Structure formats: C-alpha cells, structure tokens
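In this text, all values refer to a predicted model and were calculated from it rather than measured experimentally. Atoms within each ligand, like the ligands themselves, are counted from 1 in listed order.
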Amino acid sequence: MTLKISVIGTGYLGVTHAACVASMGFQVVGIDIDPEKIALLAQGKLPFYEPELEELLQSELASGRLTFSADISQISQADVHFLCVGTPQQKDGLAADLTYVNSALAAIAPVVKDGSLVVGKSTVPVGTAVRLRNELLSVNPLVDLAWNPEFLREGFAVEDTLHPNRLVVGVTNDRAEAILKVVYSKNLEAGVPWIRADLPTSELVKVAANSFLATKISFINAMAEICEAAGGDVTVLAKAIGHDPRIGNRFLQAGIGFGGGCLPKDIRAFMARAQELGADQALEFLRDIDSINLRARARMIELVRRDLSEDLTGKKIAVLGAAFKPDSDDVRDSPALDISAQVHAAGAIVMVHDPKAMANAAQRFPALQYASSIEECVAGADLILHLTEWKSYREIDPVALKKLVRQPIMIDGRNALDRESWVNAGWKFRALGRASLG
Ligand code: UGA
C-alpha cells in the first residue's frame with residue numbers, strides 16, 4: 001500500500017519526522033503556519049542545527065517525495081497526518097500549553113479525507129488524545145485518531161527516528177494499528193519492538209520515560225552533593241554502580257544537570273496533570289528532581305565564588321558552551337546559559353563561546369559577550385567554566401590555553417575533561433562531585 005502522509009508542524013520533531021518518513025519511500029507534505037519557515041525548508045535549509053538532517057532534507061526534496069506548504073488544504077489527499085506541533089510550558093504555570101495542538105486539530109479536522117488517520121506525536125498531558133479524538137470525530141465521524149509518542153534525542157534525531165529502540169502506538173482499534181504498521185514497516189522488518197497501547201497509556205509512556213531519565217540525572221547529581229560533603233568522587237561512583245546492568249551506566253553523568261525543551265517542561269507538566277487527576281502525591285518526588293537539578297547551577301556559582309571572591313564584580317569569566325547539550329544549537333532552558341546569566345548578574349564580565357549556539361544565545365541573552373573562537377573567549381580570563389561538553393572542548397590543549405588566561409582555573413561543569421592533563425599543565429581544576437585539585 002502506498003500511503004500519502006502529511007506532517008503538521010515543522011519544528012524540530014516535524015522536520016525530522018517528515019524527512020525520515022520520506023526517506024522510507026512515502027510521499028510526504030510538511031505543513032506549518034509560518035510561511036518563512038516553509039520557504040526556508042523548501043529550499044533545503046534548516047532553521048536549526050541537527051547533525052545529518054540538512055543533508056537528508058535536501059536529498060528527500062530532490063527525490064520529489066518531500067514537499068512543504070503553508071496551505072493546509074494540501075493535506076486533503078493524505079492518508080495519515082502526523083501532528084508534530086510544540087507543547088511548551090505555560091507562561092504562568094507548570095502545565096503544558098496546548099494552544100498549538102488544539103489549533104492544529106481544529107485546522108485539520110474539516111480538511112482531512114474520510115478514512116484517514118490523524119496520529120499525534122507531540123508530548124501531551126494524559127487525556128488529551130481521547131479529547132482530541134472526540135473533537136475530531138464530532139467534525140468527521142469517518143476519520144480516526146491514534147497517538148504515537150516520539151523518543152528522539154536532539155543531536156541524534158535522524159538516527160533515533162530511522163532506528164528507534166521501540167515504537168509505541170496508542171490506538172482504539174485494529175485498523176489504526178494496521179495503518180501505522182504500514183508506515184513503520186521498515187522498522188518492523190528490522191525487528192524494532194512494537195508496543196500497542198490504549199490512548200492514555202501511550203501518552204503516559206512518553207512522560208514516564210522522560211521523568212525516569214530526569215530522575216537518573218538528578219540522582220547522580222544528588223550523589224555528587226554527597227561526594228562533595230564526604231570527600232568522594234562521583235565519577236568513580238557512577239562508573240562503579242553503572243556496571244550493575246539493573247542500573248546501567250548511561251545518563252549518570254554528574255554535572256550542571258538537565259535542560260532543553262523537553263525534560264524540564266515535561267516533568268513539570270506531568271506534576272501539574274497528576275494534580276488535576278488527584279494523584280499529585282505519586283509525583284511529589286519530581287519536585288525534588290527539579291530542585292536538585294536547579295541546585296547544581298547554584299553549586300557551580302558557589303565554586304566560582306570560592307576561587308575568585310564573594311564579590312564577582314569586574315571578574316572576567318570565560319564560558320565554554322551555551323547549548324543545553326553538545327551537537328545542538330538549542331538554548332532552551334540551557335543550564336550553561338542560565339549559569340552565565342547568573343554570574344553576569346553578579347557583576348562578572350562574561351565571555352561565551354559555543355560552536356553552534358551563539359546566535360540563539362545572543363538573541364536570548366544580548367547582555368553577555370560572545371567570542372568567535374575559544375582563544376578569544378579565554379583571553380585574560382580569571383576563570384573558565386566548561387558548561388557544554390562539545391568534543392572540540394575535550395580536545396583543547398591545556399598547556400597552550402594556560403598562556404592565554406590571567407589565572408589558570410578551570411571548573412568543569414560536565415565532568416567531561418581529562419582532569420589529569422589539566423592539573424599536570426598547572427591548572428587549578430574544580431568539578432561538581434569531585435575534590436578540587438591544583
Ligand atoms: C530528551 C530524551 O532523552 C528523549 O528521549 C526525548 O525524546 C526528548 O527529550 C523529547 O522529549 O523530545 P533531549 O532533550 O534531546 O532528549 O536531551 P537529552 O539527551 O535527554 O539530555 C537532556 C539534558 O540532560 C541535557 O541538558 C544533558 O546535558 C543532560 N544530561 C544528560 C546530564 O546532565 N547528564 C546525563 O548523564 C545525561
């Protein structure tokens with residue numbers, strides 16, 4: 001069966017999904033309300049940085065399988081419609097803002113053809129899918145709605161979409177599942193685990209997974225606090241507990257914690273939804289996960305003060321990294337930028353460098369200074385903060401860098417640098433959850 005597919009919302013998730021599904025051989029149209037974004041994508045240009053994606057976008061455009069349009073009527077011939085719009089945190093609360101999901105559903109409901117399937121991929125509060133399905137069916141009873149959460153990571157978006165570690169489909173009947181099995185036939189042939197669930201469970205899988213990941217990170221950051229108090233080393237501790245396969249060694253990298261457009265807002269929206277459901281006690285622990293995470297940023301600033309002085313006025317601080325994680329230009333809720341802004345607010349002169357996220361960072365925090373090279377960033381610095389673990393920072397020669405700074409003090413906020421080589425080069429080396437050396 002050759003299916004025609006539409007993807008509504010061409011942000012991070014939507015563009016990746018559209019290009020990947022086109023590469024599986026389907027005819028795909030990507031739709032967005034932003035005509036500028038559509039024009040850019042139609043020329044094969046990505047409005048953000050993601051490894052491998054621009055190349056894939058260009059080859060799928062060239063194949064003729066992928067097109068983009070700001071005209072919603074272009075979806076009328078599609079058999080499957082993926083809803084990929086954003087669900088940010090509400091401005092005045094913890095809950096998710098469903099404005100885009102609601103308006104996308106309202107826009108497509110009168111246009112979708114009989115027999116077609118709408119498939120939600122956005123991260124939504126549990127209960128949303130059932131409500132949207134009822135709304136859709138009240139406009140056209142001959143269409144259906146399923147939910148298919150997305151687990152892709154920024155920096156690995158193409159890899160995660162083409163080779164997911166599981167596919168979860170929330171459906172109310174066999175026909176919807178059968179259609180999704182056609183869409184994902186290549187993955188199924190490759191043996192990707194397929195989990196059929198009801199609508200609420202499929203929504204919960206996503207937020208449960210992100211809550212677990214956030215918990216793992218905050219757990220190791222709590223251990224880092226204990227290590228600091230007791231004179232232990234959290235990197236050794238993480239390695240040791242990670243050998244137990246029940247624990248696993250991934251997502252145990254202690255440091256300044258999690259940020260980005262997903263983990264922080266998802267755990268908050270989950271707490272807000274649990275409260276609405278009268279089950280808030282079950283997720284009380286997520287409050288601690290959130291505060292351990294934010295505390296890591298404050299602890300980092302304490303380390304700065306310990307080496308420089310309580311008063312940071314006029315101190316020159318070089319910051320390596322602005323993105324919320326490497327291989328991304330995303331600065332949403334970035335711990336690196338938050339720390340930079342806080343030391344700046346405390347009077348320091350802050351110079352920031354990032355291989356990809358400078359433009360986004362400068363837009364969000366215009367008061368910080370931005371350097372176009374690592375050398376320019378650290379020149380004359382009283383202290384360096386390593387806040388996003390880009391590969392290029394791990395390759396820095398500490399001997400050469402020492403000649404450029406005013407004082408050789410490195411604080412590794414990601415526990416990612418080779419401490420020995422920095423100490424051997426004469427640096428004072430500090431990190432969260434480990435003893436200070438030098
Ligand atoms: C996260 C999930 O990992 C994806 O599975 C999910 O699909 C996605 O959210 C989403 O909901 O769309 P992502 O936001 O790309 O993906 O980032 P992660 O790789 O999860 O990293 C999140 C943050 O945790 C980063 O700031 C990272 O630096 C930090 N982190 C990660 C740590 O501090 N320690 C670790 O050990 C791992």
Just to confirm my output: which protein heavy-atom neighbour is closest to [atom], and how far is it?
atom: atom 18 (P) of ligand 1; result: Lys325 NZ, 3.6 Å
atom: atom 26 (O) of ligand 1; result: Phe324 O, 2.8 Å
atom: atom 30 (N) of ligand 1; result: Ile217 CD1, 3.5 Å

List every atom of ligand 1 that sits less than 4.0 Å from any heavy atom of [X], numbering the atoms from 1 in the order shown and giving each element.
X: Glu154; value: 15 (O)
X: Gly257; value: 26 (O), 29 (C), 33 (O)
X: Glu150; value: 7 (O)
X: Lys206; value: 7 (O), 10 (C), 11 (O), 12 (O)
X: Leu263; value: 1 (C), 9 (O), 22 (C)
X: Leu252; value: 36 (O)
X: Asp266; value: 11 (O)

Lys/Arg-Asp/Glu bridge criterion (N-O < 4.0 Å) met for Glu276, Arg273
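Salt bridge flag = yes for Arg273 with Glu276.
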Considering only NZ, NE, NH1 and NH2 on the basic side and carboxylate oxygens on the acidic side, decide whether Arg305 and Asp382 come within less than 4.0 Å.
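Salt bridge: no.
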Hey, do the aromatic rings of Tyr393 and His353 have their centres closer than 6.0 Å?
yes
Just let me know how Leu152 lines up against ligand 1, side chain, backbone, both or neither, with a heavy-atom cut-off below 4.0 Å.
backbone
Heavy atoms only, cut-off 4.0 Å: how does Arg414 contact ligand 1, side chain, backbone, both, or neither?
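Only the side chain of Arg414 comes within reach of ligand 1.
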Is Lys356 positioned over the aromatic face of Tyr49, cation under 6.0 angstrom from the ring centre and no more than 45 degrees off axis?
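Judged by the rule (NZ or CZ under 6.0 Å from the ring centre, within 45° of its axis), Lys356 counts as positioned above Tyr49.
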Phe26 six-ring centre to Arg65 NZ/CZ under 6.0 Å and within 45° of normal
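The answer is no; the distance or angle limit is not met.
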Of all the heavy atoms in Gly255, does at least one lie under 4.0 Å from an atom in ligand 1?
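Outside the 4.0 Å threshold, so no.
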Run the contact test for Cys262 against ligand 1 with a 4.0 Å cut-off on heavy atoms, strictly below, and give the result.
yes
Using the six-membered ring wherever Trp is involved, compare the ring planes of Phe82 and His17 and label them parallel, tilted or perpendicular (cut-offs 30° and 60°).
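Answer is perpendicular, since the angle exceeds 60°.
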Nearest non-hydrogen contact with atom 2 (C) of ligand 1 belongs to which option: Asn210, Asn221, Asp333?
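Among Asn210, Asn221, Asp333, the closest heavy atom to atom 2 (C) of ligand 1 belongs to Asn210.
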Arg153, any N or O under 3.5 Å of ligand 1 N or O
no
Let's go through Asp79 and Lys4 carefully: what are the C-alpha distance in whole Å and the side-chain angles of both, what is the deciding distance for salt bridge (charged side-chain N to carboxylate O under 4.0 Å, His left out) to 0.1 Å, and is it a yes or a no?
CA-CA 5 Å; Asp79 305 289; Lys4 286 203 175 101; over 6 Å; no
